[in-house]
Amino acid sequence: MPQNRNQLIELFIGNLTNAIVHRILEKAIEKQEIADKYRKELINSFEIAKKYRDKINPLNSPLSSRDILYIKEKIIKRVKTELNLRIEKGYENINLSLVEQEVDKSLKKAKI
């Protein structure tokens, strides 16, 4: 069971990371049609992340502080890495200072 739980946590982290990356990209883009695609991907990834969150631990009982810290640190690291890769590819207007704020909002929304 613990191995399955660890896999669920990793899947949760991956989907929430994707959602946060797309939220920041949506704010950075000026073309509405591209921003709409980012928004759709954000919503889809966040909904999947919520399903994994439900499987990790019942929503009524909180995760351990160790799990919360691990999840938060890993998401921040992955989001910054992905956004830096996008910047290297030529994406513009990406605000890396939004990362921790968006992670906190998303974790709260996912009831972590």
Side-chain angles (χ1 to χ4, degrees):
M1 184 72 170
Q3 183 180 10
N4 187 33
R5 184 175 188 279
N6 291 340
Q7 288 175 339
L8 290 172
I9 289 174
E10 291 303 317
L11 290 168
F12 171 77
I13 289 170
N15 280 286
L16 199 59
T17 297
N18 193 45
I20 295 166
V21 166
H22 283 88
R23 180 174 292 137
I24 292 172
L25 290 173
E26 176 191 7
K27 290 179 180 182
I29 199 75
E30 292 176 6
K31 293 183 179 179
Q32 189 59 40
E33 53 275 355
I34 297 173
D36 289 342
K37 290 182 182 193
Y38 286 146
R39 191 173 306 109
K40 286 178 186 176
E41 182 65 24
L42 148 68
I43 292 167
N44 186 39
S45 292
F46 190 76
E47 290 302 315
I48 294 170
K50 284 192 329 187
K51 289 177 185 175
Y52 285 122
R53 165 58 180 104
D54 293 345
K55 292 178 182 180
I56 293 168
N57 206 18
L59 288 175
N60 297 337
S61 58
L63 294 173
S64 70
S65 58
R66 190 183 87 200
D67 284 341
I68 294 169
L69 186 60
Y70 170 78
I71 290 169
K72 183 176 179 176
E73 287 176 356
K74 194 138 185 183
I75 291 173
I76 289 171
K77 183 179 176 184
R78 285 186 181 183
V79 169
K80 285 183 178 180
T81 300
E82 179 61 30
L83 290 175
N84 281 321
L85 286 172
R86 302 278 179 123
I87 290 169
E88 288 175 13
K89 289 179 181 179
Y91 286 54
E92 297 177 357
N93 300 326
I94 295 176
N95 188 350
L96 292 174
S97 65
L98 292 175
V99 172
E100 289 190 37
Q101 175 187 350
E102 291 297 334
V103 169
D104 287 338
K105 278 187 203 174
S106 295
L107 288 173
K108 188 174 183 180
K109 225 174 168 181
K111 298 182 180 178
I112 297 287

To the nearest 0.5 Å, what is the distance between [atom1] ([X]) and [atom2] ([Y])?
| X | Y | atom1 | atom2 | value |
| --- | --- | --- | --- | --- |
| Leu83 | Ile94 | CG | CD1 | 5.5 Å |
| Ile87 | Leu96 | CD1 | CG | 4.0 Å |
| Ile75 | Ile13 | CD1 | CD1 | 5.5 Å |
| Ser106 | Gln101 | OG | CD | 10.0 Å |
| Gln7 | Leu11 | CD | CG | 7.0 Å |

With sequence neighbours excluded, residues passing side-chain hydrogen bond (donor to acceptor under 3.5 Å, both in side chains) with [X]:
| X | value |
| --- | --- |
| Glu88 | none |
| Glu102 | Arg23, Lys27 |
| Ser97 | Asn95 |

Considering residues at least two apart in sequence or located in another chain, which fulfil the ring-ring contact (aromatic ring centres under 6.0 Å, His included) criterion with Tyr38?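 With sequence neighbours excluded, Tyr38 shows a ring-ring contact (aromatic ring centres under 6.0 Å, His included) to His22, given in chain and number order.
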
Is the CD atom of Glu33 crowded by more than 12 outside heavy atoms at less than 6.0 Å? yes

Side-chain heavy atoms under 4.5 angstrom apart, residues restricted to Ile, Leu, Val, Met, Phe, Trp, Tyr: same cluster for [X] and [Y]?
| X | Y | answer |
| --- | --- | --- |
| Phe12 | Ile43 | no |
| Val103 | Leu25 | yes |
| Leu98 | Leu42 | no |
| Leu69 | Val79 | no |
| Leu85 | Ile20 | no |

Any donor-acceptor pair under 3.5 Å from [X] side chain to [Y] backbone:
| X | Y | result |
| --- | --- | --- |
| Asn84 | Lys80 | yes |
| Asn18 | Gly14 | no |
| Asn57 | Pro62 | yes |

Enumerate the residue pairs fulfilling ring-ring contact (aromatic ring centres under 6.0 Å, His included) with a member in residues 42-85, sequence neighbours excluded, ordered by first and then second residue.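 For residues 42-85: none.
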
By the salt bridge (charged side-chain N to carboxylate O under 4.0 Å, His left out) test, which pairs, at least two apart or in different chains, include something from residues 53-69?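 Output for this query lists Arg5-Asp67.
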
Give the intermediate values and the outcome of side-chain contact (heavy atoms from CB on, under 4.5 Å) for residues Thr17 and Lys74. CA-CA 9 Å; Thr17 297; Lys74 194 138 185 183; over 6 Å; no

Salt-bridge test for Glu82 and Arg86: reply yes if a basic N is under 4.0 Å from a carboxylate O, no otherwise.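 A salt bridge is present here (some side-chain N lies under 4.0 Å from a carboxylate O).
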
Step by step, work out the side chain to side chain donor-acceptor pair (under 3.5 Å) result for Asp36 and Gln32. CA-CA 6 Å; Asp36 289 342; Gln32 189 59 40; 2.9 Å; yes

Would you say the side chain of Lys72 lies within less than 4.5 Å of the side chain of Asp104, judging by non-hydrogen atoms?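 Contact flag for Asp104/Lys72 side chains = yes.
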
Do Glu30 and Asn93 come close enough that some side-chain heavy atom pair is under 4.5 Å?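 Answer yes - side chains close enough.
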
Over all heavy atoms of both residues, which pair between Ile29 and Ala35 is shortest? Give the atoms and the distance, please. CG2-CB, 3.4 Å

Given Leu16, Ile9, Ile76, the one that forms side chain to side chain contact (heavy atoms under 4.5 Å, CB included) with Ile71: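 Of the listed residues Leu16, Ile9, Ile76, the side chain to side chain contact (heavy atoms under 4.5 Å, CB included) partner of Ile71 is Ile9.
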
